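Since the structure comes first, as C-alpha cells, the remarks are kept for the end.
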Amino acid sequence: MMQPWFTDAKLGIFIHWGSYAVGRRGGESWPIMNGEVAYDDYLKEMEHFTAESYDPVAWAGLFKRAGANYTVLTTKHHDGIALWPTRRDGPSIANQLPCGDLIGPYVEAVRAAGMKVGLYFSHTDWSNLDHFSVITGKSPKELRELRSQAVNYGQIKRAHQEAYDLSNDAEVHARWERFLDFHRGQIEEILTDYGPIDLIWFDVMMGRKGFGYPCRELREFIHGLCNSTVINSRLGEYGDYETPEQFIPVYPPEGAWELCITTNNTWSFTGREDNYKTPTMLIGMFCECLGMGGNMLLNVGPDKKGVIPSRQVALLEALGSWIRKHEEAVYGTIRGLPHGYAYHFSSLNKSRDTIFLYMAHTPNEATDIKGIRNGIKRISVLGHGAECAYERIGGAHWLNVPGVLSVKVPQEAFDESVTVLKIELDGALDLYGGKGVEIDVN
Ligand code: GLC
C-alpha cells in the first residue's frame, strides 16, 4: 500500500548483485536467454562468487551519505538463483556457497542506518522447469538463430513465444499451478523471514498468454503478511507506483512513480564498466524526477566479492554532497510548475508557497518564470544564501495577467552542477494559465 515515506523519500539505491557479478559476460541473467551461454555453464559460474568483502554496514553508510532513504536489493533475478536460503526447490547462493545468507545482513544494516528496506524479486525464473520461459526444447544456438531473425523487441518476444509453444503438453495447467505455488512460497519467505519489509520490487512477468499470474491475490497475500508493504508497478495493475526504466517520462505520470536508472550501461557488474554518467548528468536527472514528483532509484552493481566499483562510489558521494547542500529542495517536495512556465524544472514545498527552481544551465542574462500571480517575498540561491534581484516584465496586473518574473542570479552563486533558486511567495502558488488578453484598459 502506498506510504507517505515513499513519496517523500526521493532517492533510493538499487543493488543488482548475484552470481552474475563474476563479471564474465553481459550482465545479469540475460546471457542465458540471449543464447550466450548454456544454462548449466551459467550455473557453474556461481562457484566463483565469493562475497568475501561483503560489508552491508559499509554499503548502507555509503547509501545514506548519497542521500538515499531506501534501498532495493535483488533477492532473485531472472536466473532464479536466490540470495537467501530458500526452502523451496531452486538454486541458492546462500544454500550452496560458504558465504551463506546475503539478505539477512543487508536488511539489518539498512534498518540500522534508518533507511527503508526494499527487496527485488523477479517473477520470471529461468531455473524453474515449470516456468514456461524455460520449457523451450530449444538449444541456445537455436534460440540465438530465432532471435537473430528478429529486428525488434516485439518480434523477439514472438520468437520466444513460438519457442515456448506448450500446446501439446497435457500437464500444462498443473505445471503452471506448481510454478505459482513455488513463486508464492518464495515471496512468502522473503517477506516473513526478515521481519516487515517496507517495499517489494517485482520484475518482469514473462509467461504465456492465458497463463497469468494471480496479481490481485498476490497483492492481498502480501498485505496479509504486512499491510504497509509498498509494491511497485510490475504486478499487473496492482502495484502502487509506476517504474519507468532508463528513461524519464516527458510528461509526469499521474500518481507516484520512480525512475530506475544505471550509473553506466549495465545493471550488474560485468568487469567492463564504462560510459558512466557524470555527477552533473545524474543530478540533473534527479532534479527532473523531483520536478515531476517522482523518485530516483539509482543502481549500483557490486562485484563478486561485494565491492562496489569506485566510480559508482564517487558518483554516489557527489550526489550526496549536492543533496546535503540543497536538502530543502529535495525531501518532501511535491511536483512543481507545469511544463511551459519556465525553462527549468521545479518543485514546491508541501504548503505550496515556495518554489524550488532547478537551474541545470546558466542563463545568458536573467532567468524567467511565467504565470506567477503571487507577490514575491524573497528569492535566494539555496545552499549559498545570495539574494537575487528580480522584476516583473510586461503583463497587465489590473486584468490579472501577470508579467514574466525575471530573476538575476549573482554569478558567484552558481553551483557547479545544478543551482537551486528558492522563490518564496506571499501565499499558496496561484498560477495564470490563460492565453493572455487584449489589453483594452490601460
Ligand atoms: C529489466 C531487466 C532486468 C533489470 C530490470 C531493472 O526488467 O530485464 O535485467 O533487472 O530491468 O529494472
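First listed ligand is number 1; within each ligand, the first listed atom is number 1. Keep in mind that what you see is a predicted model, and the values were worked out from it rather than measured.
Although no hydrogens or angles enter the test, the distance criterion places no donor-acceptor pair under 3.5 Å between the side chain of Ser233 and the main chain of Gly239.
Side-chain contact between Leu357 and Val420 is absent, with no heavy-atom pair separated by less than 4.5 Å. The shortest distance between side-chain heavy atoms of Leu421 and Thr367 falls below 4.5 Å.
Summary of contacts: the protein heavy atom closest to atom 10 (O) of ligand 1 is His16 NE2, 2.6 Å. In terms of protein heavy-atom proximity, atom 11 (O) of ligand 1 is closest to Glu245 OE2, 2.6 Å. The shortest contact between atom 5 (C) of ligand 1 and any protein heavy atom is with Asp203 OD2, 3.2 Å.
Counting atoms of ligand 1 from 1 in the listed order, those under 4.0 Å from a heavy atom of His77 are 3 (C), 4 (C), 9 (O), 10 (O). Residue His78 approaches ligand 1 through these ligand atoms, each under 4.0 Å from one of its heavy atoms: 2 (C), 3 (C), 8 (O), 9 (O). In the vicinity of Tyr120, heavy-atom distances shorter than 4.0 Å reach the ligand 1 atoms 10 (O). Ligand 1 places these atoms under 4.0 Å from at least one heavy atom of Cys260: 12 (O). The atoms of ligand 1 that sit less than 4.0 Å from any heavy atom of Glu28 are 3 (C), 9 (O).
For Lys350 and Asp8, the salt-bridge test passes: some basic side-chain N is under 4.0 Å from an acidic carboxylate O.
The closest approach between Gln246 and ligand 1 stays at or above 4.0 Å for every heavy atom of the residue. Within the structure, the closest approach of Tyr20 to ligand 1 does not fall below 4.0 Å when heavy atoms are considered.
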- Message: Set out, in order, the CA-CA distance, both residues' side-chain angles and the distance that settles salt bridge (charged side-chain N to carboxylate O under 4.0 Å, His left out) for Lys76 and Asp203, then state yes or no.
- Response: CA-CA 10 Å; Lys76 186 183 87 165; Asp203 203 5; over 6 Å; no
- Query: Passes salt bridge (charged side-chain N to carboxylate O under 4.0 Å, His left out), Arg352 versus Asp430? Steps please.
  - Reply: CA-CA 9 Å; Arg352 304 178 60 83; Asp430 179 14; over 6 Å; no
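With sequence neighbours left out, the side-chain hydrogen bond (donor to acceptor under 3.5 Å, both in side chains) criterion links His361 to no other residue.
The distance criterion of under 3.5 Å between nitrogen or oxygen atoms is met by Trp30 with respect to ligand 1.
With a heavy-atom cut-off of 4.0 Å, Trp201 touches ligand 1 through its side chain alone.
No donor-acceptor contact under 3.5 angstrom links the side chains of His223 and Thr229, judged on distance only.
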